[in-house]
Amino acid sequence: MSDPSDDMPKAYEPDKSEARWYEFWEESGFFEASEEPDDARATYTLAIPPPNVTGSLHMGHACRTTFEDVLCRHKRMQGYNTLWMPGIDHAGIATQVVVERQLKREGLTRHDLGRKAFVERVWRWKEESGGRILQQLRKMGASCDWSRTKFTLDPDMVRAVRESFVRLYEEGLIYRDTRLVNWDVESQTVLSDLEVDQEEGVEGELFDFAYRLADGDSEVVVSTTRPETMLGDTAVAIHPDDDRYRHLHGKYVRHPFVDRMIPIILDAELVDPEFGTGVVKVTPAHDPNDFATGKRHGLEEINVLNLDGTLNENAGRFQGLDRFAARDAVKDELANLGLVRGSKKHIMTLPRSHRSGTVVEPLISTQWFVKMRPLAEPAIAAVRDGRIQILPVEWEKTYFHWLENIQDWCISRQLWWGHEIPAWYCDACEDVTVSREEATACQSCGATALRQDPDVLDTWFSSALWPFSTLGWPDDTAALRRFYPTQDMETGYDIIFFWVARMIMMGLHFMGEVPFNRVLLAGLVTDERGEKMSKVKGNVIDPLDVIHGATNEALIDKATKAGASKGGIKYLQKTYPDGFAAYGADALRMTLLSYSPQSRRIALSIKRIEGYRNFANKLWNASRYALMRLAGSGAKASQQCPRPQALANRWVLSRLYQALDTASTGLDAYRLDDASGALYHFVWDEFCDWYLEVSKTALDSGDANLVRETEATLVHTLETTLRALHPMMPHITEEIWQRVPKWDAAPKSIMVARFPSALVDAKADRDAVRDFEALQALVRSMRTIRAEHDIPRSRAIEVHWHTEQAEIRQVFQDERATIQALAGCVMHFEPDPSKFDDPGSHFDNAAVFVNPGVRGVVPSVIDPGKERARLERALKKLDKELGAVEKKLGNPNFADKAPAEVVEKSKRDAAELRSKRDQLEVALSRL
RNA sequence: AGGCACGUAGCUCAGUGGUAGAGCACUACCUUGACACGGUAGGGGUCGGCGGUUCGAAACCGCCCGUGCCUACCA
């Protein structure tokens with residue numbers, strides 16, 4: 001008998017097999033979707049959330065990749081023409097910042113290079129490192145159709161962006177306007193509202209100062225958190241009904257620093273008379289509410305800020321100061337003039353740039369906007385009427401709330417890296433020409449002296465087109481017809497507005513059809529304490545370290561280079577003193593899958609990864625055993641479910657049925673935790689713990705029929721389980737599956753084999769389950785008695801048992817050899833049940849057990865003290881259960897109102913528990 | 001300020017009306033011819049609090065306490 005374990009080491013080594021099989025799949029073309037005209041298979045399409053070109057693999061990517069790969073591999077195995085569309089995002093600001101940082105190290109700025117050279121430099125960097133993230137996704141096992149990989153700045157993507165821009169412009173949905181925008185003084189670009197994070201609970205100062213009236217000595221006191229903005233004040237507002245200030249109506253105050261008379265205006269909308277002094281300084285150019293007030297009253301808008309955050313010529317003597325220095329300077333000057341009227345602590349929220357982190361300044365600027373309302377309405381409808389399903393459904397409310405209150409989207413950015421805006425300005429007539437092609441003449445006056453708009457588009461503008469631009473839009477391509485709409489959109493909930501909602505709007509607008517049918521939103525990966533992973537905290541877990549292993553020294557070294565704090569390093573030392581073993585991609589995948597998709601955070605624990613590494617090893621060794629026993633037997637997997645006679649074989653097929661059924665339901669409903677859990681427990685708790693143990697007795701029985709059907713069941717169950725697990729653990733299942741003896745003309749790879757179905761590949765058998773459970777209960781009882789009485793394994797125990805149930809009696813007699821092997825006992829059927837009523841007289845020092853329908857004793861081995869303790873513990877537990885059931889049955893309304901089957905079951909349970917209890921009490925009293 | 005979650009074993013989390021679950025950790029025993037990355041048997045929870053609905057609540061409703069997140073505003 002050849003031994004396949006020769007080439008199967010005792011422990012599974014993921015590092016040795018994962019890369020090999022990945023290459024095999026990729027070279028075999030298994031990832032590629034088909035565009036053959038005569039391929040009539042239904043399609044399944046999922047577009048990847050394109051990672052940033054700057055990115056390197058983090059746990060968020062690992063999580064996305066795992067979930068998406070499971071969905072795609074499952075559908076592919078079910079026979080769908082599956083397209084997992086990959087790509088990379090150019091990531092405007094993020095990328096520009098990275099390259100600028102490189103330049104800084106060389107002592108240069110982008111302005112030293114000039115725009116053309118700078119953009120060329122970014123491209124060069126992209127070519128060098130842009131593929132890295134995709135290589136890393138491969139380490140996770142991602143089955144993307146790499147032949148179609150897109151970059152959001154590819155020429156065809158540029159074309160799609162221009163086409164959509166021009167169309168929206170022509171439809172009046174893109175327009176140019178001058179309004180108050182969010183300005184990032186560090187990146188020196190405008191930001192959309194979504195790119196501004198509100199930092200809550202910041203301790204600031206509410207500063208009071210006085211404006212003197214132009215005529216006379218009296219004053220009004222105003223409050224501000226940004227004193228420097230007073231340089232741009234063009235009004236002071238009071239409430240029209242505020243009697244305290246009635247004498248100020250129509251008056252003016254004099255600005256202390258700049259030569260300006262400032263009107264006192266009446267505004268009921270801006271002013272809350274209860275707040276502060278009831279007088280508000282109005283800075284239309286630097287505050288959203290003041291801007292609106294200014295529009296109502298026709299106030300002058302005086303911008304006091306340069307684009308870099310310093311003060312401009314309108315700031316008078318403060319010109320040139322940085323905004324924060326100017327704040328102090330203004331306060332000092334006001335103090336010198338004796339105008340300070342107080343200051344107090346003030347908790348406020350501070351708007352910060354999502355990217356640069358700097359405090360955002362509102363200022364007036366001319367930008368391009370997308371009119372969102374007309375686009376939002378169809379997007380709301382698509383979710384309301386179920387054309388798009390959002391899971392978990394709680395997110396629908398968030399989605400509706402945002403879309404119903406949506407503001408226009410500022411899409412221009414003052415960056416160099418990104419999609420150019422296809423708009424040209426005429427020097428002669430100042431009109432704008434928007435065009436698909438490079439404009440050569442002004443559309444109004446025909447002049448040829450044109451300047452292209454220097455700005456680029458928000459990176460999310462091209463992302464919004466992703467589901468169809470990647471398939472060839474605006475051309476009517478075969479791919480677009482075949483693969484649009486896509487089916488699932490899987491991503492993190494943090495980009496539901498940035499990306500998901502905008503894709504829905506653009507998909508509906510340009511394709512007339514939803515871009516996908518389901519939105520699957522996953523939680524964010526945190527460390528095991530639930531804290532956000534951050535380089536400073538040192539709690540970033542690199543997926544590649546988990547896959548390939550890393551020593552504690554290596555982890556610390558990496559964290560130090562990434563700028564971890566002392567506390568972060570200490571945390572690393574304490575939490576992972578031994579570093580990580582090479583757990584492998586499959587273990588990491590299985591771990592990520594085991595978290596509920598409902599949860600908002602995935603608190604990743606290395607211990608949990610270790611648990612699934614152990615599971616991989618369990619599967620490996622179970623297979624090693626099975627293959628060893630099958631070698632030379634001639635048995636092979638056949639894709640036909642065997643029809644065995646023996647109890648254990650029927651039982652395992654029935655449990656397989658249950659596991660496959662749960663797995664399929666979970667996969668379809670996007671409960672990947674349920675799906676992976678069902679297979680995990682089937683493999684470990686049932687296949688390994690029971691079936692393999694029983695199979696040893698069967699295969700050694702010498703009974704040719706039993707041996708043959710056990711081999712057939714064993715190989716079938718193993719092979720089917722591998723196929724079911726493949727979407728979740730692709731590498732190890734392939735590694736084992738390749739070794740399993742199989743039917744002729746089996747596929748070259750498990751990844752193109754058929755996904756198993758409960759109905760086809762298994763067989764539910766209630767009788768087998770019932771009978772085997774009785775067997776399990778008996779074996780467990782024997783084991784408990786053994787453990788409680790410290791009976792060594794080497795010593796067989798005698799069991800005297802009785803049952804009134806003919807089937808169980810038959811089972812125990814048929815399975816005598818199995819039970820004796822599993823429990824280490826010798827079985828004796830006791831025909832006279834009355835003997836059990838008086839155990840002491842018939843069986844010396846007997847331990848008693850009572851199972852459903854079965855009772856018995858193990859005599860002559862028992863320490864009465866331990867037996868008493870055991871029985872008392874069992875009784876205590878029983879009493880608790882019985883108490884609950886009796887309380888329920890004792891309720892007079894229960895029988896009337898509860899469903900009959902529930903009442904029946906409770907009665908049966910109570911009877912069973914009572915009888916069990918009685919027998920244990922008798923046993924206890926006889927000790 | 002509003003909205004949305006969450007609070008279950010030491011830790012991380014499942015569990016949508018019928019006798020409280022998993023992984024890890026813990027205790028005892030076992031190097032048994034697949035596996036010590038293992039096996040067997042155990043211990044551990046008044047399901048945040050208080051009320052309500054119900055024959056029956058961890059689950060449904062209300063209030064409170066605590067924790068996160070989101071949106072808006074903040075002179």
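Protein chains get the first letters and strands the later ones, always in sequence-line order, with residue 1 at the start of each.
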**Asked** Side-chain donor or acceptor of Lys618(A) under 3.5 Å from a matching atom on the base of C35(B)?
**Response** yes

**Asked** Ring centroid separation for Tyr680(A) and Tyr612(A), is it under 6.0 angstrom?
**Response** yes

**Request:** Could you identify which residues of residues 580-592 of chain A place a heavy atom less than 4.0 Å from some atom of RNA chain B, listed by residue number, or say none?
**Result:** none

**Message:** Looking at the base of C37(B), is there any donor atom on it, or on the side chain of Arg613(A), that sits under 3.5 Å from an acceptor on the other one?
**Reply:** yes

**Asked** When rounded to the nearest Å, what value does the distance between C1' atoms of C69(B) and U53(B) take?
**Response** 31 Å

**Asked** Taking the side chain of Glu693(A) as heavy atoms from C-beta outward, which of A41(B), A34(B), U40(B) is closest to it?
**Response** A34(B)

**Request:** Look at the side-chain N and O atoms of Arg671(A) and state whether any lies under 4.0 Å from the OP1 or OP2 oxygen of G15(B).
**Result:** yes

**Asked** Does a donor on one side chain and an acceptor on the other come within less than 3.5 Å for Asp267(A) and Thr293(A)?
**Response** no

**Message:** Quick check for you: among A34(B), C73(B), U19(B), whose closest atom lies nearest to any side-chain atom of Leu692(A)?
**Reply:** A34(B)

**Prompt:** Nearest to the side chain of Leu206(A) - A75(B), A25(B), A34(B)?
**Reply:** A75(B)

**Item:** Contacts of Glu886(A) that satisfy side chain to side chain contact (heavy atoms under 4.5 Å, CB included) - sequence neighbours left out
**Value:** Leu882(A), Arg914(A)

**Prompt:** Where the side chain of Glu881(A) is defined as all heavy atoms beyond and including C-beta, which of G39(B), U19(B), U32(B) is the nearest nucleotide?
**Reply:** U19(B)

**Worked verdict on Glu867(A) versus His789(A) for side-chain hydrogen bond (donor to acceptor under 3.5 Å, both in side chains)** = CA-CA 8 Å; Glu867(A) 180 67 359; His789(A) 290 282; 2.7 Å; yes

Report, one pair per line, the protein and nucleotides 42-44 of chain B atoms (nitrogen or oxygen only) whose separation is under 3.5 Å.
| residue | atom | partner | partner atom | Å |
| --- | --- | --- | --- | --- |
| G42(B) | OP1 | Thr784(A) | OG1 | 3.3 |

**Request:** Grab the stems for RNA chain B, please: at least three consecutive Watson-Crick or wobble pairs, both distances below 3.5 Å, written as range with range.
**Result:** B:1-7 with B:65-71, B:10-13 with B:21-24, B:26-30 with B:38-42, B:48-52 with B:60-64

**Message:** Nearest heavy atom decides the nucleotide; on that basis, is Pro892(A) or Asp674(A) closer to the 5' end of RNA chain B?
**Reply:** Asp674(A)

**Message:** Return whichever of Pro273(A) or His681(A) has its heavy-atom-nearest nucleotide of RNA chain B closer to the 5' end.
**Reply:** His681(A)

**Nearest-angstrom distance from the residue atom CD of Glu394(A) to C1' of U16(B)** = 12 Å

**Asked** Could you walk me through whether Arg629(A) and Asp700(A) pass the salt bridge (Lys or Arg N to Asp or Glu O under 4.0 Å) check?
**Response** CA-CA 10 Å; Arg629(A) 301 299 302 234; Asp700(A) 292 338; 2.5 Å; yes

**Request:** Counting heavy atoms from C-beta on, name the nucleotide in G18(B), A75(B), A25(B) closest to the side chain of Ser223(A).
**Result:** A75(B)

**Request:** Can you tell me, in whole Å, how much space there is between the C1' of A14(B) and that of G7(B)?
**Result:** 15 Å

**Prompt:** Taking the side chain of Phe497(A) as heavy atoms from C-beta outward, which of A34(B), U40(B), C70(B) is closest to it?
**Reply:** C70(B)

**Prompt:** Got a donor-acceptor pair under 3.5 Å from the side chain of Lys696(A) to the base of A34(B)?
**Reply:** yes

**Message:** Just so I know, are the side chains of Ile606(A) and Val546(A) near enough to count as touching, which here means a heavy-atom distance under 4.5 Å?
**Reply:** yes

**Prompt:** Out of C13(B), C70(B), G38(B), which has the shortest distance to the side chain of Asn614(A)?
**Reply:** G38(B)

**Item:** side-chain N/O Trp684(A) vs G39(B) OP1/OP2, d < 4.0 Å
**Value:** yes

**Request:** Taking the side chain as every heavy atom from C-beta outward, state whether Met230(A) and Thr224(A) have any pair of such atoms under 4.5 Å apart.
**Result:** no

**Request:** Indicate, yes or no, whether a donor-acceptor pair under 3.5 Å links the base of C13(B) to the side chain of Ser594(A).
**Result:** no

**Request:** Please evaluate the base of A72(B) for a donor-acceptor partner in the side chain of Gln407(A) within a cut-off of under 3.5 Å?
**Result:** no

**Selection residues 276-286 of chain A - residue pairs positive for salt bridge (charged side-chain N to carboxylate O under 4.0 Å, His left out), sequence neighbours left out** = Asp233(A)-Lys281(A)

**Prompt:** Can you name the side chain to side chain contact (heavy atoms under 4.5 Å, CB included) partners of Leu822(A), sequence neighbours left out?
**Reply:** Trp690(A), Glu693(A), Val694(A), Leu775(A), Val779(A), Arg783(A), Thr818(A)

**Message:** Does a side-chain N or O of Lys397(A) approach OP1 or OP2 of U71(B) to a distance below 4.0 Å, or not?
**Reply:** no

**Request:** Check the distance between C35(B)'s P and Tyr625(A)'s OH and give it to me in whole angstrom.
**Result:** 12 Å

**Listed nucleotide nearest any side-chain atom of Arg601(A), set C13(B), A25(B), A5(B)** = C13(B)

**Prompt:** How is Glu13(A) classified with respect to the nucleic acid when contacts are heavy atoms under 4.0 Å: base, sugar-phosphate, or nothing?
**Reply:** nothing

**Item:** Rounded distance (Å) that lies between atom C1' of A34(B) and atom CG of Asp7(A)
**Value:** 15 Å

**Request:** Starting from P on A34(B), measure out to CG on Asp689(A) and report it in whole angstrom.
**Result:** 14 Å

**Message:** Whole angstroms only, please: what is the CD1-C1' distance between Ile791(A) and A28(B)?
**Reply:** 15 Å

**Message:** With a 4.0 Å cut-off on N to O distance, would you call Arg870(A) and Glu788(A) a salt bridge?
**Reply:** no

**Asked** So which nucleotide from U12(B), C35(B), C24(B) ends up closest to the side chain of Asn617(A)?
**Response** C35(B)

**Asked** Among the nucleotides U40(B), U71(B), A75(B), which one has an atom lying closest to any side-chain atom of His401(A)?
**Response** U71(B)

**Request:** Might you work through the side-chain hydrogen bond (donor to acceptor under 3.5 Å, both in side chains) test for Gln198(A) and Thr349(A), ending with a clear yes or no?
**Result:** CA-CA 6 Å; Gln198(A) 306 292 338; Thr349(A) 25; 4.8 Å; no

